[in-house]
Amino acid sequence: MTTTSAGTVIAPARARTTAASATVRRKQGLQHGGWFVAPFLVLFALFVVWPLLRGLWLSFTDANISGEGASFVGLGNYREALRDDLMWEALGHSAYFTLLAVPCITVLAFLLAMLAHHIERGKWLWRLCFFAPFLLPSTVAANLWQWLFNPGTGMINHVFGTDTPWLTDKTYAMLAVVVTTLWWTVGFSFLLYLAALQGIPGHLYEAATLDGANAWHRMAHITLPMLRNITGLVVALQILASLQVFDQAVVMQDFGPGPEGSTRTFVQYTLEEGFTGYRVGYASAVSIIFFLIIAAVALARMWLLRNREEGGR
Amino acid sequence: MGRPGLNRRHMLAGLGGLTVAGSFGFAALGTGADALASGARTRVTYWNLFSGGDGYNMVAMLDAFRAEHPDVAVKDSTLQWGNPFYTKLAMAAAGNRAPDLGVMHLGRVTGFSPGRLLDPWDTGLLAEYGVREADFNPELWRRAVIDGKLYALPLDIHVQLCFYRKDVLRKAGLLGADGRMVPPASADEWFAMLKEARAATRKGLQTIGLWLNDQNFQWWFFVAFYTQLGGTWFDEARTEVTFDTDKATQVLEFLRRHVTDGYADPGFGGGAGAEQFLNGSPFAWEGNWSVPVFDTAKVDYGATPLPPVFGRPATHAESHAFVLPHRSGRGGAANEGAHRLAAYIVRNARAWAAGGHIPAYTPVLATPGYRKLDPQSEYVSAMDHQATEPKAWFAGSTGILAQRIGPVVVSSTMGSAKPDAAARRMRSTLAGLLAMKNPMDGKTAAQGGAAA
């Protein structure tokens, strides 16, 4: 009883002490954790939040590159942008690139991952080969493919025995950028797929094989469903990255907008308005529009995915 | 536990050492390094955009200046040409960190906010250093003056030329008694020449390199031939577009015909025209900066201004010019040094002409040294019939006008747009630009007065 009563007496006291020390620990943790996070928060605020807010403010002004003499113009820049054919054209080019690049990169990354996963000999070499281009700076990759695509002296026309003006005809210029991007960036998605493939438990395949499932059945009913989440991630990341295509297109076209402006992307257009035309206010408005478009795409994807998951349930 | 071996004297000595080390550190960073090293009185910072052969020539001229003026320490920086250069220059001037001296394309000066991002030249000081208005081509000087003040000191003009292979043209019978190409007097004559030249050309080579897909070159060629037809852009008041779509269509059809008649091959875009020329292609329309390339390759060639196919000679011309980027405290020794340096280089532009450019300082053109330069002396007449973009804030080398209208010219030349439709689109682009406000001062071309 004593024990019990003592226990009943002591227990709350101990609980209080434990709770109190947990609170202290939490506070201390917050304090110390806060210090650890602070550098990131400061940099994030300085280089992301502040420029974003500043850009939003500038989009309502007619600011020029010198930063002097800006006045408030309300929604004027936005009204002009919506009527700006060049802006819509540039957006169309970015969307075209995205439509071409995303499926190609996703499918190729999956196929390469399957290959690297199942191959037995020289596994490391395949992984290195597929991933290595991703480590190159965009300028190097773009310059390399600019040589390969050169109509007169390039290897591609030489190998295929054609004389296609890859970089100088508007029909092919964006395709050339897509091929370059494919080679250069597929390694990242390949790595994601490879990690996911390695995470699928082997006993699932064993059980399926015992049940008489052939290779196609195993692929359709085990591999692909198990990779659904990673496919969603790869597609989402690729869409967001592809919409922002810029550097490889610009370098391949010697910093110009490509044949008849066919590789002028949205980011390039923004840059031209801001730094060639010195119209920083207008360029900010165009950037905000682009930000909204990308945010809308990301939200739409999230909404679709949620609906699909709920439907599946 | 003894005291640390540190007393006041040690502390002072240590701090002194740190100060000395620090000053060397700053010197290594470039702030004052040159002044320390050379012991010079005046330090002039100078930004330019010259690379390749031009870069070597400029460095040689600066070295010559340094040798003659040991009291002036020149700190020169070469930056990536084109818009990256102009952005840096504008931001440096806006932030009051501009160099004492800079280089710009003359066509871009109007849009560079003279009076705000650029300071005017002291013509009296320039005269002291031997450079006067009378020594320049009047058209060139006129373009450099805004609101009555000189904002750019022209160094050269650079033009689009018709390069021709003498060996091929000799075979085709297209060379005159003087061994030079006989200029055609009409478009038909020009195409007849191309036909004869093609017959004398090795198989597999195109007849002429035209930079078919390049928005800048195509725009420059358009400006040249449109000027040959006497075409205009805007009225005096800058309120109306006077662009003549009929004349423009004529020019666009002329450019297009080079492709449809099979003289220029769309497969050989960009720099391939020059490569083909080196291999034996009879013609290439290129900038005069290709002279050193063809010289080095020891090709038997000549170069004339673009053929006067519409009667009146005119060839597209831009100009490198010295400018004084805005500094709030401009004046004093560094400013004088900048005047002295610019005047020196302009007066001694014979070395510069080796890069193919035509010196703007006309006394150089009359020197025996310049006259001996071949083919430079063959195309020196281009100075007298320059075809230039309109003097407006949105014009000039790689400016907004070229960016917006260049692709339209290309679409016609390449055949994806009909010449008359392209001409109408050019006109509407010009109207849009005319109504657009200059972001630097918030005024349209019509409201901008002389600085429009």
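Computed over heavy atoms, backbone and side chain alike; hydrogens, waters and symmetry mates excluded. Each chain gets a letter, A, B and so on, in the order its sequence line appears, and its residues count up from 1. These numbers come from a predicted model, not from an experiment.
- The shortest distance between side-chain heavy atoms of A/Tyr278 and B/Phe112 falls below 4.5 Å.
- Of all non-hydrogen atoms in B/Ala90 and A/Ile65, the two that sit nearest each other are CB-CG2, 4.0 Å.
- Atom CE of residue B/Met414 and atom OG1 of residue A/Thr171 lie 8.5 Å apart, to the nearest 0.5 angstrom.
- Only the side chain of B/Met91 comes within contact range of chain A, judged by heavy atoms closer than 4.5 Å.
- Within 6.0 Å of the CZ atom in A/Phe72, the count of heavy atoms belonging to other residues, nucleotides or ligands exceeds 12.
- Smallest separation of non-hydrogen atoms from A/Pro165 and B/Pro266: CB-O, 4.1 Å.
- Annotation: the span from B/Arg404 atom CZ to A/Thr276 atom OG1 amounts to 10.0 Å, rounded to 0.5 Å.
- B/Gln215 contributes atom CD, which lies 10.0 Å from atom CD of A/Gln253 (distance to the nearest 0.5 angstrom).
- When each of B/Asp214, B/Leu212, B/Asn213, B/Val410 is checked for a side-chain contact (heavy atoms from CB on, under 4.5 Å) with A/Thr168, only B/Asn213 meets the rule.
- In this structure, chain A has no heavy atom under 4.5 Å from any part of B/Ser113.
- Side-chain contact between A/Glu260 and B/Ser416: present, with at least one pair of heavy atoms (C-beta onward) separated by less than 4.5 Å.
- The two residues A/Gly277 and B/Pro439 come nearest to each other via the heavy atoms O-CG, 2.9 Å.
- The heavy-atom pair separating A/Gly261 from B/Pro407 by the smallest distance is N-CB, 4.2 Å.
- Of the atoms belonging to A/Leu167, not a single heavy atom falls under 4.5 Å from chain B.
- Within the 4.5 Å cutoff, the side chain of B/Lys437 has no heavy atoms near those of the A/Asp62 side chain.
- A/Phe188 CZ: 12 or fewer foreign heavy atoms inside a 6.0 Å radius.
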B/Arg116 and A/Asn64: CA distance, side-chain angles, deciding distance, side chain to side chain contact (heavy atoms under 4.5 Å, CB included) verdict: CA-CA 12 Å; B/Arg116 192 157 148 195; A/Asn64 62 45; 3.4 Å; yes

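- Here the closest heavy-atom approach between residue A/Arg264 and residue B/Gln403 is recorded as NH2-O, 3.5 Å.
- Judged by distance alone, with hydrogens and angles left aside, the side-chain atoms of B/Thr87 form a donor-acceptor pair with the main-chain N or O of A/Phe275 at under 3.5 Å.
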